[in-house]
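Let me begin by presenting the structure, written as structure tokens, before commenting on it.
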Amino acid sequence: LDDRDVILFPEKIAGKYWMLRRPLEWVGAEYGCEYPSIWISSADDLLGFRDAKLVAKQEFAWEADKIGANTPPIRTDHGWLTLYHAVGTDKFYRLGALLLDLNDPSIVRYRTRDWIMQPEEDYEINGYYRGCVFPCGKVVIGDTLYVYYGGADKYCAVATCKLNDLMDYLLMCPVE
């Protein structure tokens, strides 16, 4: 199984370990998605992630190709804050955000309809992979979210925003 974007949650939920993933082979009518998508698995131990559920697939124009999760989720009062990337028709990687249920993270409660970050600077556009912002870590310090990301697969960078601003925007995007 070509399993990419594998991300563990930072703590057990309901006594289980949880993992986001993007198996490249799980595509087609039998899987419910046309392109590689975000799946979630839970297990009693770190070796038993055998069952999986589709969590998010392409829904918006900026997500024309594949999507995948980025960075471990952060627990907030409203759910598990999760960043994800999507590849558009121009092959640029853009970022969105999900808010997963605190007690059952297989349920998406909120999802940004538009991207929240895209390649704009020269170091994000020109490099080994043209037009890519790809988060590798995030942390909250005070009221600021720091997102550490690769620019064009060549440079390391950090983007910041006020966590409350991102949460306010995300809470305006409930999943129907």
Side-chain angles (χ1 to χ4, degrees), residues 3-11 13-14 16 18-24 26-29 31-42 51-120 131-140 143-149 159-176:
D3 213 354
R4 300 186 184 188
D5 305 330
V6 177
I7 297 164
L8 290 172
F9 280 70
E11 63 186 69
I13 303 165
K16 294 189 175 285
W18 291 81
M19 174 179 73
L20 295 169
R21 59 201 303 189
R22 188 190 69 201
L24 289 181
W26 293 358
V27 173
Y31 295 102
C33 54
E34 295 180 43
Y35 300 97
S37 301
I38 301 171
W39 294 75
I40 194 164
S41 297
S42 64
D51 296 326
K53 177 184 176 188
L54 181 62
V55 171
K57 61 183 180 178
Q58 296 71 9
E59 291 188 24
F60 307 109
W62 64 277
E63 304 170 336
D65 194 6
K66 59 188 171 192
I67 66 173
N70 293 107
T71 71
I74 293 176
R75 176 190 275 278
T76 73
D77 291 340
H78 300 285
W80 290 99
L81 174 61
T82 305
L83 298 182
Y84 73 98
H85 66 273
V87 180
T89 56
D90 58 3
K91 300 302 180 198
F92 275 29
Y93 279 66
R94 292 174 176 84
L95 303 183
L98 303 170
L99 205 53
L100 307 176
D101 188 87
L102 279 175
N103 300 311
D104 182 355
S106 70
I107 300 170
V108 179
R109 297 288 183 200
Y110 299 88
R111 180 179 183 174
T112 54
R113 292 176 184 91
D114 296 309
W115 49 265
I116 57 174
M117 184 176 171
Q118 74 167 347
E120 295 177 349
C132 182
V133 290
F134 198 94
C136 300
K138 66 181 180 288
V139 65
V140 176
D143 62 350
T144 302
L145 175 66
Y146 293 80
V147 178
Y148 301 91
Y149 69 97
T160 62
C161 69
K162 296 296 180 194
L163 180 60
N164 287 338
D165 291 347
L166 176 57
M167 293 300 294
D168 288 347
Y169 173 65
L170 194 47
L171 291 172
M172 292 187 313
C173 304
V175 172
E176 305 291 323

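Of the options W115, Y93, W62, a ring-ring contact (aromatic ring centres under 6.0 Å, His included) to Y84 is made by W62 and by none of the others. Paired with L99 under the rule side-chain contact (heavy atoms from CB on, under 4.5 Å), one option of T82, T76, V175 passes, and it is T76.
Of all the heavy atoms in A56 and I67, the pair that sits closest is O-CD1, 3.3 Å. The two atoms that bring P73 and L20 nearest to each other are CG-CD1, 4.2 Å, heavy atoms only. Pairing each heavy atom of I13 with each of P105, the nearest pair is CD1-CG, 3.7 Å. Closest approach of T160 to Y146, counting heavy atoms only: CG2-CD2, 3.4 Å. Closest approach of P135 to N70, counting heavy atoms only: O-ND2, 3.5 Å. In terms of heavy-atom proximity, L54 sits nearest to W39 at N-CE3, 3.2 Å.
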>> Between V140 and L81, is the side chain to side chain contact (heavy atoms under 4.5 Å, CB included) condition met? List the steps.
In response: CA-CA 11 Å; V140 176; L81 174 61; over 6 Å; no
> Given the rule in the side chain to side chain contact (heavy atoms under 4.5 Å, CB included) test, do D114 and F60 qualify, once you have shown the distances and angles that lead to the verdict?
Replying inline: CA-CA 8 Å; D114 296 309; F60 307 109; over 6 Å; no
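By the side chain to side chain contact (heavy atoms under 4.5 Å, CB included) test, D101 pairs with N103, D104, I107, R109, sequence neighbours left out. Listed by chain and number, the residues in a side chain to side chain contact (heavy atoms under 4.5 Å, CB included) with A159 are M117, Y149 (sequence neighbours excluded). Under the rule for a side-chain hydrogen bond (donor to acceptor under 3.5 Å, both in side chains), S42 has no partner lying at least two apart in sequence or in another chain. Among residues two or more places apart in sequence or in another chain, the side-chain hydrogen bond (donor to acceptor under 3.5 Å, both in side chains) test is passed with R113 by none. By the salt bridge (Lys or Arg N to Asp or Glu O under 4.0 Å) test, R111 pairs with E59, E63, sequence neighbours left out. With sequence neighbours left out, K138 forms a side chain to side chain contact (heavy atoms under 4.5 Å, CB included) with T71, I74, L83, L145, V147. Under the side chain to side chain contact (heavy atoms under 4.5 Å, CB included) criterion, V27 pairs with P36, sequence neighbours left out. Partners of E34 according to the side-chain hydrogen bond (donor to acceptor under 3.5 Å, both in side chains) rule, which considers only residues two or more places apart in sequence or in another chain, do not exist here.
Atom NZ in K53 sits 13.5 Å away from atom CD1 in I38 (nearest 0.5 Å). Remark: M167 CE to C161 SG distance equals 10.5 Å, nearest 0.5 Å. Atoms OG and CG, from S106 and D51 in turn, are 12.0 Å apart once rounded to the nearest 0.5 Å. Atom CZ of F134 is separated from atom CG of L95 by 9.0 Å, given to the nearest 0.5 angstrom. Summarising the geometry, atom CG belonging to L8 is positioned 10.5 Å from atom CZ belonging to R21; distances are rounded to the nearest 0.5 Å.
The stretch residues 78-97 participates, sequence neighbours left out, in these salt bridge (Lys or Arg N to Asp or Glu O under 4.0 Å) pairs: D65-K91, D90-R94. Applying the salt bridge (Lys or Arg N to Asp or Glu O under 4.0 Å) definition to pairs two or more places apart or across chains, those involving residues 160-176 are D143-K162. Sorted by first and then second residue, the salt bridge (Lys or Arg N to Asp or Glu O under 4.0 Å) pairs with a member in residues 67-85 read E11-R75; sequence neighbours excluded.
Taking the six-membered ring where tryptophan is involved, the planes of Y31 and W26 are essentially parallel, since the angle between them stays under 30° and well short of 60°.
Of the possible donor and acceptor atoms, one in the side chain of W80 sits under 3.5 Å from a partner among the backbone N and O of L102. Remark: the backbone N or O of A97 is paired with a side-chain donor or acceptor of T112 at under 3.5 angstrom.
Using a 4.5 Å cut-off on side-chain heavy atoms (C-beta onward), H85 and D5 make contact. For the pair W18/I40, a side-chain contact is recorded, criterion being any heavy-atom separation below 4.5 Å from C-beta on.
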